[in-house]
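If you scroll down you'll find the structure; I have some questions about it.
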Amino acid sequence: MNDITDKSRYPDLYLTLNPSHDTLHIKRSTEGMPGFRKFVLRNAEPYRDEPIAPDNWMFHYEFSDKQLARLPELSGLKSRDYFKTLYPALRREDILPATILPLNRALGLLNTDRSLFSTCREAPVTRLSSLLPASHALDLALPPFRAYNAVKTFQGVLLFTPTREGSKRLEGFMQHLSDSFYEPQMPHGSIDIYQVPAFDASLAQYADLCPKVSGNPLGQNELIIPPEAFAPESVLREGMEMLHYDMVPTWENFNALTMPPYHSGLHVSQRNYDISCLQRYADRGYTLPAQIEHDIYSFSYTKQFEELYRLVPAQWPSHENQVRLLANRILQRDFPDIRGGALQKAEEIQLHIPDMTPDTPQKSRALKPH
């Protein structure tokens, strides 16, 4: 391919767009992904040592010979309107970007010595909190790229605008997932959050139709979303996955969704925090007072585990089984109907098990960090 001298026949197009989708940088190439990597590095280099960078995005399009013959627009005037003029032709030919890479994601990957083209599951860089209302403090100085936050659910795709209103609706939806995480009626096996560039004006009909959600830490209010709020899954073809959450009810998955709070932007109910801690102790079979003291939230059963630890000699290697037993017994007694249930059936053993009553009544509806 490198012997092609006519640029109009070059199969690769690299673009940098600013938040308003104006074209900042154009390059035709025959180098494929290696060429796009060089393109990304050139765009990222001026910001490597800067505290903030503009929310520019980079795109790589690949064209077959037949597509090139049908796309005279590729040779159009190289101006800030280049992509806006080209996009209708790309839609006409159903041509999607081979790769999308936001500048800030590229910088995050470079600064942590990870591959520029790692997926969000291989190299998580984006924080959920960066998509929520608090992230809009610098919008006037550094406007966000015009892209929808798209949440893929088992029912369909919910679109949220990158505005304060859209972010509040997204925050409410994600908080509802946190509050309902252990509820039997939780329908989601996974939740994936994409960002989809707002190139297609028709997507606006689906934007911000998810109902506003008020906090309900007990997870007892069903969230009813009208069918017309869901966009077809095909809208994700022009986007990129930013966050993935496994919703199987384990403590690891709950922590990945909610912890630490300054990453997730979500609050945790007392009930769900207690369940996740008990699951962790039932799984790992150990907990020490020092570990408890470093928890972000207050665990309702701290004293019971501290007493058990004192009862079991440190040199007794099987004491972890007693921690597992106590955690499972509390789960079965106080939280019998959670998704997944206790990890194992608690069995009676010849050891005094401390009183399992929570240390204090669970008065607060939702917990906030100390």
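Nothing fancy with the numbering, it's 1 onward along the sequence.
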Tell me whether Glu183 is salt-bridged to Arg339, with the criterion being a basic N under 4.0 Å from an acidic carboxylate O. no

Rounded to the nearest 0.5 Å, the CG atom of Leu326 sits from the CG atom of Asn321 at a distance of 12.5 Å

Side chains of Pro197 and Phe59: closer than 4.5 Å at any heavy-atom pair? yes

Would you say the side-chain atoms of Asn272 pair up with the backbone N or O of Val268, donor to acceptor, closer than 3.5 Å? no

Is a side-chain donor or acceptor of Arg28 paired with a backbone partner of Lys7 at a separation under 3.5 angstrom? yes

Considering all heavy atoms, the nearest Phe299-Cys277 contact: CE1-CB, 3.5 Å

Mind checking whether Tyr273 and Phe181 sit in one hydrophobic cluster, side chains of I, L, V, M, F, W, Y counted as touching below 4.5 Å? yes

Pair Leu177-His188, side chain to side chain contact (heavy atoms under 4.5 Å, CB included): steps then yes or no: CA-CA 9 Å; Leu177 293 181; His188 306 290; 3.6 Å; yes

Quick one: are the ring centres of Phe39 and His25 less than 6.0 Å apart? yes

Is it true that Asp274 and Gln270 share a donor-acceptor pair across their side chains at a distance under 3.5 Å? yes

Heavy-atom side-chain contact between Arg48 and Leu107 under 4.5 Å: yes

Please answer: with hydrophobic residues joined when any side-chain heavy atoms are less than 4.5 Å apart, are Val40 and Tyr61 in the same cluster? no

Donor-acceptor pair, distance only, cut-off 3.5 Å: does the side chain of Arg169 make one with the backbone of Cys210? yes

Min side-chain heavy-atom separation Thr30-Pro11 under 4.5 Å: yes

Rounded to the nearest 0.5 Å, what separation is found between the OG atom of Ser178 and the CE atom of Met259? 8.5 Å

For Leu109, does its backbone N or O pair with a side-chain atom of Thr112 as donor and acceptor, under 3.5 Å? yes

Atom pair CD1 (Ile193) and CG (Leu170), whose distance is rounded to the nearest 0.5 Å: 5.5 Å

Look at Arg164 together with Glu171 and state whether they make a salt bridge at an N to O cut-off of under 4.0 Å. no

Check the angle between the aromatic planes of Phe145 and His21 and answer parallel, tilted or perpendicular using the 30° and 60° thresholds. tilted

Mind checking who shares a hydrophobic cluster with Tyr206, ILVMFWY linked at side-chain heavy-atom distances under 4.5 Å? Tyr148, Val157, Leu159, Tyr194, Val196, Leu203, Val235, Leu236

To the nearest 0.5 Å, what is the distance between CG on Leu132 and CZ on Arg127? 12.5 Å

Tightest non-hydrogen contact, residues Asp192 and Tyr245, listed as OD1-N, 4.4 Å

Do Ser202 and Asp200 get their side chains close enough for a donor-acceptor pair, meaning under 3.5 Å? yes

Test your reading of the model: is there a side-chain donor-acceptor pair from Ser118 to the backbone of Ala123, 3.5 Å cut-off? no

What distance do Ser64 atom OG and Ile95 atom CD1 have between them, rounded to the nearest 0.5 Å? 7.0 Å

Side chains of Ser269 and Asp179, donor plus acceptor under 3.5 Å: no

Determine, using the 4.5 Å side-chain heavy-atom cutoff (strictly less than), whether Met247 and Met174 are members of one ILVMFWY cluster. yes

Any side-chain heavy-atom pair from Met33 and Phe117 closer than 4.5 angstrom? yes

Is there side-chain contact between Leu74 and Tyr82, with heavy atoms separated by less than 4.5 Å? yes

The salt bridge (charged side-chain N to carboxylate O under 4.0 Å, His left out) partners of Arg237 (sequence neighbours excluded) come to Asp94

Main chain of Tyr262, side chain of Ser129: is a donor-acceptor contact present, judged purely on distance under 3.5 Å? yes

For Asp246 and Leu257: C-alpha separation, side-chain torsions, deciding distance, then whether side chain to side chain contact (heavy atoms under 4.5 Å, CB included) applies. CA-CA 8 Å; Asp246 187 338; Leu257 174 64; over 6 Å; no

Determine whether His263 and Leu128 satisfy the following criterion, side chain to side chain contact (heavy atoms under 4.5 Å, CB included), listing intermediate values before the conclusion. CA-CA 6 Å; His263 283 186; Leu128 176 60; over 6 Å; no

Is there a side-chain contact between Ile338 and Arg271, using heavy atoms and a 4.5 Å cut-off? yes

Fit a plane to each ring of Tyr182 and Phe254, take the angle between them on a 0 to 90° scale, and name the class: parallel (under 30°), tilted (30 to 60°) or perpendicular (over 60°). tilted

Could you walk me through whether Asn328 and Tyr281 pass side-chain hydrogen bond (donor to acceptor under 3.5 Å, both in side chains), step by step? CA-CA 9 Å; Asn328 273 293; Tyr281 303 155; over 6 Å; no

Cationic N near anionic O, under 4.0 Å, Lys84 to Asp22: yes

Working to the nearest 0.5 angstrom, can you tell me the gap between Leu13 CG and Leu86 CG? 6.5 Å

Taking a hydrophobic cluster as the set of Ile, Leu, Val, Met, Phe, Trp and Tyr residues connected by side-chain heavy atoms closer than 4.5 Å, whether directly or through intermediates, do Val323 and Ile275 fall within one such cluster? yes

Salt bridge flag under 4.0 Å for residues Glu241 and Arg121: yes

Do Ser180 and His176 touch side chain to side chain, with heavy atoms closer than 4.5 Å? yes

Do Gln279 and Asp283 have side-chain atoms, one donor and one acceptor, less than 3.5 Å apart? no

Does NZ in Lys66 sit with more than 12 non-hydrogen atoms of other residues, nucleotides or ligands closer than 6.0 Å? no

Criterion side chain to side chain contact (heavy atoms under 4.5 Å, CB included) on Phe173 and Leu223, from CA distance to verdict: CA-CA 9 Å; Phe173 179 77; Leu223 175 61; 3.6 Å; yes

Arg92 vs Glu73 side-chain heavy atoms within contact, under 4.5 Å: yes

Determine the minimum heavy-atom distance between Tyr14 and Gly32, stating which atoms define it. OH-O, 2.6 Å

Evaluate side-chain hydrogen bond (donor to acceptor under 3.5 Å, both in side chains) for Thr161 paired with Asp208, printing each intermediate quantity in order. CA-CA 6 Å; Thr161 57; Asp208 295 341; 2.6 Å; yes

Glu233, CD atom: more than 12 neighbouring heavy atoms under 6.0 Å: no

Please check this pair: side chain of Glu45 against backbone of Arg42, looking for a donor-acceptor N/O pair closer than 3.5 Å. no

Of all heavy-atom pairs linking Gly166 and Phe160, the shortest is O-CD2, 3.6 Å

Under a single-linkage definition using a 4.5 Å side-chain heavy-atom cutoff for Ile, Leu, Val, Met, Phe, Trp and Tyr, are Met186 and Val151 assigned to the same hydrophobic cluster? yes

Minimal heavy-atom distance between Leu103 and Ala53, with the atoms involved, is CD2-CB, 4.2 Å

With Glu238, which residues qualify under side chain to side chain donor-acceptor pair (under 3.5 Å), at least two apart? Tyr87

Among side-chain atoms of Asn56 and Thr16, is any donor-acceptor pair under 3.5 angstrom? no

In short, Ile52 meets Tyr47 closest at the heavy-atom pair O-CD2, 4.4 Å

